[in-house]
Amino acid sequence: MLKMNGDRIPVLNMYCGNQPVLICQKVVPKINEPDDQPTTETSNCTDNDDDADADDHVDANALQAELGPQPLTIMKARQFLSWYTLSQNANVSSVDNNPALHPLWVRCDMSDPAGTTWFGAETVCMGNRVSGVKLYSVTCKGSTVDKGSLITLDKLKQEHKKRHHPTSMAIKGSARFNLFGSTVVENTIIESQSSVTVDFKWSHVESILETPPLSSIATLNIKVASMNMRSPMYEMYRELEFLQSLANGLRTGETEWVEPLESMSAVNLTTAFLEELQDTAKTLQEKAAKTADITKPKTETDIFNSFLERGDLDFVEQLWDRMRKSVTSYQDIGDCLKLVTEALRYGDIKPWIHRDSSSSLSKLILQSYHQQIDHVSLTGVTPVQMLLEMGLDKMRKDYINYLIGKELTTLNHLCYYLSTEVDLQEQVIRLRKLHHLLEIIEICTTFLCLPYDRLFLLTQSCLQHYKTHPYDEEHEFKLQIKPALISHFYQKEQPVLWGAEVSSGHGSREVRTSVQLSDRPLVDHVIFETDYPNETVNGDSETLAFFSTMVCCSLVSFA
């Protein structure tokens, strides 16, 4: 018996949402523990005795993961529902005044003629008293491309009337479309770590698989991974990864150095940079041209040319840009910073920096303007901390440049993300959150072409979310939009999920009968017999095959 949120199981999501539910499923039998005698049922026989012995001791948790959740027989599932119902009946004196239990859902093995995959039970309360239960059954069919074999709306209404005697019924539609994510190449699904789907809800359904009307309520579900090499943000992601490796090194004492992006060594690059600053014979125009060459980031795509590109990189930011592309050891960092601090101490350079720079090196530069530089011992972790501060300073300004420049937020709303009062590790975490936000905005801007008001709302939502939640690339950010904004994406496409729901009654006594058509099974504990393999049925074919799932509900009142 497991307790989890209902939205973690697709077929239960529309009935349970994110409320806690109890899931009943068969325990996977553990294979032999080290002290057990081996049996032929749990071991793989081989010619090698050692290999056979190793197979006997496969971890039971690994077996559980491999087999997945296991169903109960129909009879056993009915028994559990009966116990649940009796335990909630106030007329049974032994359970009088007991609090209502969470909904119970039992996995079934489809062994009955209807093909039942789930049984469910949920209490109905009047005040604090349980007055009855709703009993659910979920039946499933394998995939088919024959639209004529799918249930009609009239048959769905008849199924509802079999269990209820409504004076009036309402019928609602829902659909989900994939806008961005996994693709199919030569009948093979290539999974993407990023996805954008859209959910539609509407009333007055007229036919099965109808296209959602423009009057629907549409909600985008946006999940973005930050490692897409095709993204205009990828170079920025690599910069952030280097920053993260420095932070990890400070935390663990070990740093994974990546292949340098520059052929020249870090020390030579730094030396050349300092010599350029010292060369007073250059004209201002030549210096400006060189600065433009220095500060222009090397990108692999021209998309979003203005994205995070700044022409006002100060001395510390330009130094960071050189060092992150060339350092391969702690020694490199220390040697480069030693060259810079000596040049400052002897007055060889008078570099300019941004007024709000907060790194240790920036403070030394400010002191050099008055010929009073504190002694800095470039030993131990000090050089790494200084370099990490330089990167944090630079990347924060990059993100501010975009978000403020596009008028998507204000500095006041960014205070949490820009704070230097927290330790360096926390500063890196908050910077990653900002980067993830920009990855989301980039997809919605370049791919979906959403208007400013939607981007502004999405930005505020993401900023608010990450103030109280940990960094999570699996989190789906939601944004309500008008269907007309994305009509060209979905109106000629097939949905990955389509549903119709007939309902009657009100409040806690509302009952529903629904059907869902999906491109993949909504149940993960049974194997469906079908002529269309899941991997290829929805490949290059223009005709999409659907798995059919029906949920029926009965209301039982306690006398």
Side-chain angles (χ1 to χ4, degrees), residues 236 238-251 255 266-267 269-270 273-274 277 291 294-295 297 308 310-327 330 332-345 347-401 404 411 414-435:
M236 200 66 178
R238 293 176 67 179
E239 189 171 351
L240 183 63
E241 283 296 282
F242 178 76
L243 197 76
Q244 183 71 66
S245 69
L246 294 178
N248 291 343
L250 287 177
R251 181 169 48 84
T255 301
V267 172
L269 272 175
T270 303
F273 182 38
L274 294 176
L277 294 177
T291 301
I294 291 167
T295 59
L308 302 169
R310 290 194 291 125
D312 64 339
L313 298 186
D314 67 10
F315 168 79
V316 175
E317 292 170 325
Q318 293 182 46
L319 179 63
W320 155 262
D321 204 41
R322 285 164 170 76
M323 291 181 66
R324 77 169 181 88
K325 295 177 181 178
S326 58
V327 295
Y330 293 126
D332 279 350
I333 299 174
D335 290 345
C336 291
L337 291 179
K338 184 178 180 181
L339 288 172
V340 174
T341 54
E342 287 182 350
L344 290 172
R345 192 174 304 280
D348 295 334
I349 56 173
K350 295 288 185 182
W352 74 273
I353 58 172
H354 291 295
R355 182 179 301 175
D356 57 350
S357 298
S358 60
S359 66
S360 298
L361 183 57
S362 297
K363 293 173 183 177
L364 289 178
I365 292 173
L366 286 175
Q367 292 174 2
S368 74
Y369 295 164
H370 307 285
Q371 291 79 44
Q372 294 177 345
I373 300 179
D374 293 338
H375 173 72
V376 178
S377 178
L378 296 174
T379 57
V381 299
T382 300
V384 182
Q385 287 179 334
M386 292 179 67
L387 185 60
L388 182 56
E389 291 172 358
M390 292 161 57
L392 283 166
D393 235 13
K394 188 260 184 185
M395 296 192 73
R396 276 193 290 256
K397 288 186 176 66
D398 288 340
Y399 296 142
I400 292 173
N401 178 67
I404 302 297
L411 281 175
L414 292 174
C415 286
Y416 166 84
Y417 300 93
L418 305 180
S419 174
T420 57
E421 301 300 318
V422 295
D423 62 51
L424 292 177
Q425 299 293 336
E426 178 63 22
Q427 289 182 42
V428 173
I429 291 172
R430 295 184 184 187
L431 199 65
R432 287 194 77 91
K433 292 178 177 181
L434 267 187
H435 182 88

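A quick note: this is a predicted structure, and the numbers were derived from the prediction, not measured.
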| query | Between Tyr399 and Tyr417, is the ring centre distance below 6.0 Å? | reply |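 Not close enough - the centres of the two rings lie 6.0 Å or further apart.
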So, does [X] use its side chain to make a donor-acceptor pair with the main chain of [Y] at under 3.5 Å?
| X | Y | result |
| --- | --- | --- |
| Gln425 | Ala247 | yes |
| Gln367 | Asp374 | yes |
| Asp332 | Ala266 | no |
| Lys394 | Gln318 | no |
| Ser359 | Ser362 | yes |
| Arg322 | Thr270 | no |

| message | How long is the straight-line distance from CZ of Arg396 back to OG of Ser419, given to the nearest 0.5 Å? | response |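 So the OG of Ser419 and the CZ of Arg396 are separated by 8.5 Å.
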| said: Taking the side chain as everything from C-beta on, heavy atoms only, tell me whether Val422 gets closer than 4.5 Å to Arg430. | reply: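 Touching, per the 4.5 Å side-chain cut-off.
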| task | Looking only at non-hydrogen atoms, find the nearest pair between Leu337 and Pro383 and report the distance. | result |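 Minimum heavy-atom separation between Leu337 and Pro383: CD1-O, 3.6 Å.
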| Heavy-atom pair with the smallest gap, counting every atom of Val376 and Arg345 |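 Taking Val376 first and Arg345 second, the nearest heavy atoms are N-NH2, 4.5 Å.
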| request: Apply the side chain to side chain contact (heavy atoms under 4.5 Å, CB included) test between Asp321 and each candidate in Lys325, Glu317, Met323; give the one that qualifies. | output: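 With Asp321 as partner, Lys325, Glu317, Met323 yield a single side chain to side chain contact (heavy atoms under 4.5 Å, CB included), made by Lys325.
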[Y] and [X] side chains, donor-acceptor separation under 3.5 Å:
| X | Y | answer |
| --- | --- | --- |
| Gln244 | Asn248 | yes |
| Asp393 | Ser358 | yes |
| Glu389 | Trp320 | no |

| message | Check this for me: does any side-chain nitrogen of one of Asp356 and Lys397 sit under 4.0 Å from a carboxylate oxygen of the other? | response |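 Salt bridge: yes.
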